[in-house]
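Computation of the quantities below employed the complete heavy-atom set of this structure, encompassing side-chain atoms and omitting hydrogens, waters and symmetry-equivalent molecules. Keep in mind the model is a prediction, meaning the values are calculated, not measured.
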Amino acid sequence: MAPPIPKVLMVAEKPSIALSIASVLSRSQMLTRKGSTEVHEFEGRFLGSPARFKVTSVIGHVFSVDFPGKYQDWTATDPLDLFQAQVIKTESNPKNHAFTFSIA
């Protein structure tokens with residue numbers, strides 16, 4: 001039985017860059033799967049050996065961070081207080097459901 005073909009994951013900054021990279025490296029011979037982000041797959045060579053490439057991208061900011069409401073009035077907030085303030089982390093684009101996480 002032959003060993004499995006290694007997989008190479010490439011993550012680009014934007015979907016358009018992922019498409020460009022995959023198109024060039026695959027000579028436009030790729031399969032594209034759609035989901036939260038597109039994943040372009042193709043066979044190629046990596047470090048001289050056969051490999052299965054998967055090229056995808058991130059989609060904007062994954063998380064946003066902010067301070068609680070009591071710190072939102074910048075004219076009434078001492079900037080030094082922000083060093084001790086709680087930071088609220090939320091998913092930037094919840095409709096993509098990119099991650100499931102809990103904030104402790």
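Taking 4.5 Å as the limit, every side-chain heavy atom of Glu43 sits out of range of all side-chain heavy atoms of Pro50. Side-chain contact check for Ile88 versus Phe67: every heavy-atom pair is 4.5 Å or farther apart. Taking 4.5 Å as the limit, some side-chain heavy atom of Glu41 sits within range of a side-chain heavy atom of Val39. When side chains are defined from C-beta on, Met10 counts as touching Ile21, because their heavy atoms get closer than 4.5 Å. Asp81 has its side chain within reach of Tyr71: a pair of non-hydrogen atoms, C-beta onward, lies under 4.5 Å apart. With a 4.5 Å cut-off on side-chain heavy atoms, Lys14 and Ser57 do not count as touching.
With respect to the salt-bridge test (charged N to carboxylate O, under 4.0 angstrom), the residues Glu38 and Arg33 do not qualify.
Atom NZ of residue Lys54 and atom CG of residue Leu31 lie 10.0 Å apart, to the nearest 0.5 angstrom.
The backbone N or O of Val58 lies less than 3.5 Å from no partner atom in the side chain of Glu13, so there is not a single donor-acceptor pair. Thr77 places no side-chain N or O within donor-acceptor distance of the main-chain N or O of Pro79, the cut-off being under 3.5 Å.
Of all heavy-atom pairs between Ile5 and Arg52, the closest is CG2-N, 3.6 Å.
Counting only N and O atoms by type, the side chains of Thr56 and Thr37 include a donor and acceptor under 3.5 Å apart.
Between Phe46 and Phe53, the ring planes lie perpendicular to each other; the angle is over 60°, past the 30° to 60° tilted range.
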